[in-house]
Structures are given as C-alpha cells and as structure tokens.
Amino acid sequence: MSSPVPHTVLLAAPRSFCAGVERAIEIVEHALAQRGRPVYVRKQIVHNAHVVADLEARGAVFVDELDEVPTGATVVFSAHGVSPAVRSAAGRRALRVIDATCPLVTKVHAEARRFTARGSTVLLIGHAGHEEVDGTLGEAPGRMILVPDVAAARTVEVPDPERVAYLTQTTLAVDETSEIVDVLRARFPALRGPASDDICYATTNRQQALSAVAGEADLVLVVGSANSSNSVRLVEIARRGGTPAYLIEDAGDIRPEWLAGVTTVGLTAGASAPPRLVEEVVTALGPVTVLERETATESIRFTLPAAVRPGSRPR
Ligand code: SF4
C-alpha cells in the first residue's frame, strides 16, 4: 500500500463466528459428508459470501425458494429460520429437511406463538425484508406488526392496547433497540416483552467489544458481508461514536486512502465472518503491533440436530 501503514491494530474480542453460525456451517458439512452432493440449502446458510462460496465449492446448492429443489431431495434451512408456511411447503414436496435455524432464533419464534396465542398483538422490532424477520412474522400473520425504527414506534396502532407485546430480531443494535422499546412502553404501559433479551449474546458481545476499541482507534474496519445485519450494526455503532468505520468483505476491500493519517485501526468481524479473514486483514495492514481487547469470553455451543449427528442414519 502506498499510504503510511498504521502502527497498531486493536482487535476486538469476541469477534467473528458465533455458536449459531458454527452449527449451521457444520450441519451443511455433515449433510454433504453423510448424504453426498448435492445438498440444497434454502437461502444463504449464513450471511457471508466467503462461507457460501466455500460450501458451494464442496457441493452445496443454494436456492432462493423450495420450488428450485427436486422432490424428495435434502434441503437445509438457513440459520435465520423459516416461517411455518415454508415448513409446510417442504412437507408437501416430500423434501428431507435438516433445520439449521439458530436455537436463539427458534426461541423468538416460540415467544411469537406464545404471545399471539394469548390474544396479544406482537410488535416485532427488526428490519423489513431480513430473512429472520420474514420467518418470525410468518408465525402469526395478521397478529404481528413490524416496527423498524423509532418513527414507526411513535405511530404504530394496535387493536387492543391492553394486549400488546414486543419481540426483536436477534442482531439489532442494543442501544437503538432500547430506545424503540422505551417509546413503545410509554405509549402502551401494558406492553409485555420476552423473558430474556431477544438480541442474542453474540450480537451483544460483539457490540460491547467493538465499543471498547473504537474510542481508541482512528479507523474501524468490520469484516462482514453487506447483508449481514450484525456486521452492519457494528459499523453504525462505531460511526455513531465518532470513529470512521467501513464494512469490508475481506482484505481486498481496504482502500489505501482510508489509512492516510491513521495510526491505530480497530478491527472486528461480524458473527458470520470467518476468523481467517480477520487474520488476512492484519497481514494486509502489517507490519503492525496487534493488541487484543477482550471484553467477554464465549463458551456457548449448540448441539447438532439428530439428522446429522455423527452415527445417525440419513432419513
Ligand atoms: S448471531 Fe446470534 S442469533 Fe444469529 S446465529 Fe449467531 S448466535 Fe444465533
């Protein structure tokens, strides 16, 4: 690079893969090993272009909808989850389904069913068009309303203000979401919420870790794909804190002009971005001093579904 290189890289920790992403990737790998290629996957298994390209090269076939999957074939549902309508469609097509929905997304679906079964309207805080949001809204069409931002929270109307609950997408910014919940609570004092936060541990941890390095950095780089919600939130959080920040798919996206006058780079990666991409960014920035700032340790692992556990027989 022609511009002066930075002297220090502050690595946020935790960063990169979460337990739900690791499980989803392992599910496709096991399915390929046990059933052979092709294994169909509905939507991107996780929102990362490198992960998708790698699995594609090994025999996964990514499709947008189930009608692209041959009758009777194996199909994996992505980590973001699906609506009951998609599950029914898979049953009608006699597809052999392996579900890679993150258990923390499944929890939000269960909450949606619980609240709406009691007659509550559920206000789902999340981003329109995101696959996770589409899947969750599909649990109770007509009884859930999407609330994308504070402006919508100020105007949304419900049939019965005494019976209203909120849930959230798992990968939102913690600070923005609590602002939206505050607005909803002020308008609907009877508002119920989830027993524990829907924003998942991995999203929360990555945001806190980034905040710990962004204040000391001249520039923040976030490794992740543009359709990765939690990665985009990391960029926004750094910028809201006053530090220039960019989302990069990999080291090849770094522009020399971003580094002009920069001595310290804060570096992190969204929950769907492979760790090796972070290492490649450090190499591309080098030679640099690398300091890791760890704000939490993560030991969560999710078990694989029975359909792909080692020793199981394909169904
Ligand atoms: S970001 Fe959170 S909800 Fe999404 S896959 Fe990872 S652990 Fe699950």
Side-chain angles (χ1 to χ4, degrees), residues 1-26 28-29 41 43-62 78-80 130-131 171 202-203 205-207 209-210 213-214 217-239 243-294 298:
M1 286 175 195
S2 52
S3 299
V5 291
H7 305 301
T8 306
V9 171
L10 291 178
L11 270 180
R15 62 180 175 276
S16 204
F17 281 173
C18 62
V21 163
E22 284 182 345
R23 175 178 180 269
I25 294 169
E26 273 177 51
V28 179
E29 290 172 341
V41 182
K43 309 286 185 190
Q44 291 191 340
I45 184 71
V46 300
H47 285 157
N48 185 269
H50 284 269
V51 170
V52 168
D54 177 55
L55 291 173
E56 240 165 13
R58 293 151 74 180
V61 175
F62 292 89
S78 80
H80 306 101
H130 189 279
E131 283 147 33
T171 50
T203 297
N205 285 348
R206 279 151 191 70
Q207 290 176 14
L210 173 67
V213 302
D218 308 305
L219 168 75
V220 162
L221 296 176
V222 178
V223 183
S225 289
N227 61 345
S228 162
S229 170
N230 78 92
S231 304
V232 173
R233 302 290 85 76
L234 291 170
V235 173
E236 291 171 352
I237 287 166
R239 288 180 181 166
T243 309
Y246 297 100
L247 183 68
I248 54 172
E249 193 76 67
D250 52 40
D253 281 350
I254 301 171
R255 298 222 200 118
E257 62 266 28
W258 296 345
L259 300 173
V262 167
T263 56
T264 303
V265 175
L267 179 59
T268 187
S272 46
R276 72 170 169 80
L277 299 178
V278 176
E279 289 157 26
E280 288 170 15
V281 169
V282 172
T283 304
L285 292 172
V288 290
T289 302
V290 179
L291 302 174
E292 186 171 71
R293 297 282 163 80
E294 189 174 66
E298 293 180 343

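Here, residue 1 is the first one in the sequence, and each next residue gets the next number. Nothing here was measured: the structure is a model prediction, and the numbers come from that model. In what follows, every heavy atom counts, from backbone to side chain, and hydrogens, waters and symmetry copies are set aside.
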**Request:** Can you measure from CG (Asp253) to OH (Tyr246) and round to the nearest 0.5 angstrom?
**Result:** 12.5 Å
**Asked** Do the non-hydrogen side-chain atoms of Thr8 and Thr263 ever get within less than 4.5 Å of each other?
**Response** no
**Item:** Approximate separation, where rounding is to 0.5 Å, of Cys18 SG and Asn205 CG
**Value:** 10.5 Å
**Message:** Quick test of your reading: applying salt bridge (charged side-chain N to carboxylate O under 4.0 Å, His left out), list the pairs with at least one residue in residues 243-252, sequence neighbours left out, ordered by first then second residue.
**Reply:** none
**Asked** What's the spacing between Leu11 CG and Glu279 CD if we round to 0.5 Å?
**Response** 9.5 Å
**Message:** Determine whether Val265 and Trp258 satisfy the following criterion, side chain to side chain contact (heavy atoms under 4.5 Å, CB included), listing intermediate values before the conclusion.
**Reply:** CA-CA 10 Å; Val265 175; Trp258 296 345; over 6 Å; no
**Asked** Can you name the nearest heavy-atom pair linking Ala245 to Ala238, along with the distance?
**Response** CB-CB, 3.7 Å
**Request:** Hey, could you give me the CG/CG distance between Asn48 and Leu55, rounded to the nearest 0.5 Å?
**Result:** 10.0 Å
**Asked** Tell me the ring-ring contact (aromatic ring centres under 6.0 Å, His included) pairs involving residues 261-293, sequence neighbours left out?
**Response** none
**Asked** Should Phe17 and Pro275 count as side-chain neighbours, where that means a heavy-atom distance under 4.5 Å?
**Response** yes
**Request:** Have a look at Val222 and tell me which of Val232, Thr268, Ile248 forms a side-chain contact (heavy atoms from CB on, under 4.5 Å) with it.
**Result:** Thr268
**Message:** Can you list everything that forms a side chain to side chain donor-acceptor pair (under 3.5 Å) with Glu294? Sequence neighbours excluded, please.
**Reply:** none
**Any donor-acceptor N/O pair, Ser16 side chain to Ala273 backbone, under 3.5 Å** = yes
**Prompt:** Would you say the side chain of Val51 lies within less than 4.5 Å of the side chain of Ser272, judging by non-hydrogen atoms?
**Reply:** no
**Item:** Leu277 and His50, any side-chain heavy atoms less than 4.5 Å apart
**Value:** yes
**Prompt:** Would you call Leu285 and Leu259 a side-chain contact if the rule is heavy atoms closer than 4.5 Å?
**Reply:** yes
**Item:** CG on Leu219 to OG1 on Thr264, rounded to 0.5 Å
**Value:** 10.0 Å
**Heavy-atom closest contact (Asp218 atom, Pro244 atom, distance)** = O-CD, 3.4 Å
**Request:** Looking only at non-hydrogen atoms, find the nearest pair between Gly266 and Ala217 and report the distance.
**Result:** N-CB, 3.4 Å
**Point-to-point distance, once rounded to the nearest 0.5 Å, from CG of Leu267 to CG of Leu210** = 10.0 Å
**Request:** Please report the shortest heavy-atom distance between Ala284 and Ile254, naming the atom on each side.
**Result:** CB-CD1, 4.5 Å
**Asked** Looking only at heavy atoms, what is the nearest atom pair of Ile45 and Phe62, with distance?
**Response** N-CE2, 3.5 Å
**Message:** Taking Asn227's backbone N and O only, do any of them form a donor-acceptor pair with Ser225's side chain (distance below 3.5 Å, no angle check)?
**Reply:** no
**Message:** What I want to find out is whether Glu298 reaches Arg206 closely enough, with some N-O distance under 4.0 Å, to be called a salt bridge.
**Reply:** yes
**Message:** Does the plane of the ring in His130 sit parallel, tilted or perpendicular to the ring in His47? Use 30° and 60° as the thresholds.
**Reply:** perpendicular
**Salt-bridge criterion met for Glu236 and Arg233 (N-O under 4.0 Å)** = yes
**Message:** When you compare the side chains of Asn230 and Gln207, does any donor N or O come within less than 3.5 Å of an acceptor on the partner?
**Reply:** no
**Message:** Looking at Arg15 and Ala12, would you say the former's side chain and the latter's main chain have a donor-acceptor pair under 3.5 Å?
**Reply:** yes
**Complete:** Heavy-atom closest pair (Ala79 atom, Val46 atom, distance to 0.1 Å) is CB-CG1, 4.2 Å
